[in-house]
Amino acid sequence: MTYSSDFLRRLETRGYIHQITDAAALDGAAGKGAITAYVGFDCTAPSLHIGNLVSIMMLRHLQQSGHRPIVLMGGGTTKIGDPSGKDEARQLLGDEQINANLASIKRIFERFLTFGDGPTDAVMVNNDDWLSRLQLVPFLRDYGRHFSINRMLTFDSVRLRLEREQPLSFIEFNYMIFQAYDYLELNRRFGCTLQMGGSDQWGNIVNGTDLIRRVDAKDAFGLTTPLITRADGAKMGKTAKGAVWLHEDQLPHFDYWQFWRNTHDADVGKFLRLFTDLPLDEIARLEALEGAEINTAKEMLATEATALCRGRDAAEAAAETARATFAEGGAGEDLPQFAVSGPVSIVDALIGLGFAASKNEARKLVAQGGARIDGEAVGSDAALVAPGQKVSAGKKRHGLVVAG
RNA sequence: GGAGGGGUGGCCGAGCGGUCAAUGGCAGCAGACUGUAAAUCUGCCGGGUUUCACCCUACGUUGGUUCAAAUCCAACCCCCUCCA
């Protein structure tokens, strides 16, 4: 479909659109004037991860196209736990933990969006503000009657759990009702007419548009993004070590840069479109590079994606460290460091830098020829490392031993 | 409540008295080949040490039988299936 609104054309050409409830009508509304749209984020962890990045970028494009983004923090819904895509009920978090996570997550959005009071300035709200005030009987009478259990049972989030005979608690069963109510509340408070989210949120989003139609007889839209997968089929952003966090506290700048730098060849174009602001013709050029040249595109991807999330300075510093380390075999200042008072054994250095979990593991690294000091393979695990030297484990993990 | 089946290393899944730190697969790590890619091949893959070896801790929990238990017995906990 060809869109006339700047906003949807942008999303379409960059690969963000999976499903839209009424594409033509939304396109019309977005072409006519500023619309308000929201994405909900839950607060189960102190940082968001790469899996949330597509949604964040969509809000960014929304704002850049002259519309108003709302960031809905799920302070209230996190207390319930979204059953979508899960086999077991989530560990329920307490208020204190949720609030701490929420405060921490807030900072990420300031990188991607402009907040303020202007007509297209982003707004952040917490659904705990209204969800916690709901009263059961009035709520059931006013809104509960619009939800049919028959239909709720057909939603993937519920159906799959039941089919697999995994327990689904009543509290989780209510999650979709609250999410639908959030949309209604945002529609009333901010005139919000679009909810966006991952493809797994489709059911929840549609529930919201339905509720708005039934209760207030108004039209609202939903839009979902495709599940972003890597060329090898794995889910985006899941590594063996866990999620790729957006927060610096959870993942250093250099590692974040490296994550993008190590993108598979086949994903470079897709990721450039989704996760950077580079113009499409520039991306087309980078994507067309072949052989070793594609590495240039990966470096661009890494630097641009890191600049968005961590700031331009951090991105360039990481890029410089990577260049010094990989291209020149030297060392950059962004590498992990291990402070020592004097020479230490290679085994201790590897553990100190976090490259080995135990002495056995470190020794095996040495035995297999994976450990290097200043680029030279270490022959024996008795070898000593002095402050100022670079220690490497394998080809990608490098660190510095420093005096301290 | 009754009758069966099961709980093994990050995950899946063998083993069913010694030769078991436990086959195999996945994931992970390292090496070779490369482009800090993919694919492929090779090795490693509980912890510790004075590392061609030795020691410690491990097969739901707690006891027991035995020279010897992941393997047998008992109790308990948890999960699944069927019946009520």
Side-chain angles (χ1 to χ4, degrees), chain A residues 86-89 161-169 229-244 251-272 275 286-306 315 317-332 334-336 345-351 353-373 375-383 390-399:
Chain A
K86 298 186 182 56
D87 269 353
E88 287 171 18
R161 189 80 84 80
L162 294 179
E163 277 175 6
R164 271 184 252 132
E165 303 192 342
Q166 301 288 345
L168 176 75
S169 72
T229 52
R230 293 191 323 215
D232 64 4
K235 209 169 167 183
M236 168 84 188
K238 290 279 178 200
T239 68
K241 294 179 196 90
V244 178
L251 186 74
H253 297 320
F254 180 67
D255 293 343
Y256 189 78
W257 192 94
Q258 279 289 310
F259 167 79
W260 293 106
R261 171 60 246 263
N262 287 311
T263 297
H264 296 357
D265 286 9
D267 290 327
V268 170
K270 174 158 85 175
F271 287 2
L272 279 167
F275 302 115
L286 289 169
E287 190 177 20
L289 295 173
E290 285 183 10
E293 301 226 301
I294 193 102
N295 284 334
T296 314
K298 292 186 187 180
E299 281 157 22
M300 283 293 277
L301 169 63
T303 302
E304 293 304 310
T306 305
E320 173 53 27
T321 290
R323 196 190 58 73
T325 307
F326 290 99
E328 292 172 13
D334 261 14
L335 294 179
S345 75
I346 180 67
V347 169
D348 290 334
L350 287 167
I351 292 172
L353 286 163
F355 297 159
S358 66
K359 292 191 177 183
N360 254 339
E361 198 178 312
R363 289 193 184 99
K364 274 161 193 153
L365 210 49
V366 172
Q368 292 182 124
R372 284 187 299 284
I373 298 173
E376 295 291 320
V378 177
S380 140
D381 53 23
K390 182 179 77 162
V391 171
S392 309
K395 296 210 168 60
K396 292 188 186 172
R397 294 181 293 171
H398 304 278

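Chain identifiers are assigned alphabetically (A, B, ...) following the order of the sequence lines, protein sequences preceding nucleic acid strands; residue numbering begins at 1 within each chain. Only a predicted model underlies this, so the values are computations on that prediction, with no experimental measurement involved.
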Not counting sequence neighbours, which residues clear ring pair (Phe, Tyr, Trp, His ring centres under 6.0 Å) with A/Phe355? List them please. none
Among the candidates B/rG47, B/rG48, B/rU36, find the nucleotide nearest to the side-chain atoms of A/Glu361. B/rG47
How is A/Gly291 classified with respect to the nucleic acid when contacts are heavy atoms under 4.0 Å: base, sugar-phosphate, or nothing? base
Would you mind telling me which of B/rU36, B/rC45, B/rC29 lies closest to the side-chain atoms of A/Arg261? B/rU36
Thinking salt bridges, do A/Glu361 and A/Lys364 make one under a 4.0 Å N-O criterion? no
Convert the base pairs of RNA chain B into dot-bracket notation, remembering that pairs crossing earlier ones are written with [ ] and that bases paired across to another strand are shown as |; include only Watson-Crick or G-U pairs under 3.5 Å. ((((((((.[[[..)..(.....]]].(((((.......))))).((((...))))...[[[[[..)....]]]]]))))))).
Using a heavy-atom cut-off of 4.0 Å across all strands, would you classify A/Gln258 as base, sugar-phosphate, or nothing? base
May I ask you to say what A/Ala393 touches in the nucleic acid, namely base, sugar-phosphate or nothing, with a heavy-atom cut-off under 4.0 Å? sugar-phosphate
Sugar-phosphate, base or nothing in reach of A/Trp257, heavy atoms under 4.0 Å: base
Quantified in whole Å, what is the C1' atom distance between nucleotide B/rC45 and nucleotide B/rC26? 13 Å
Could a donor-acceptor pair under 3.5 angstrom be found where the side chain of A/Asp265 meets the base of B/rG35? yes
Mark yes or no for a side-chain to base donor-acceptor pair under 3.5 Å between A/Gln368 and B/rG31, with no hydrogen or angle criteria applied. no
Looking at A/Lys298 and A/Asp265, does any basic side-chain N land under 4.0 Å from a carboxylate oxygen? yes
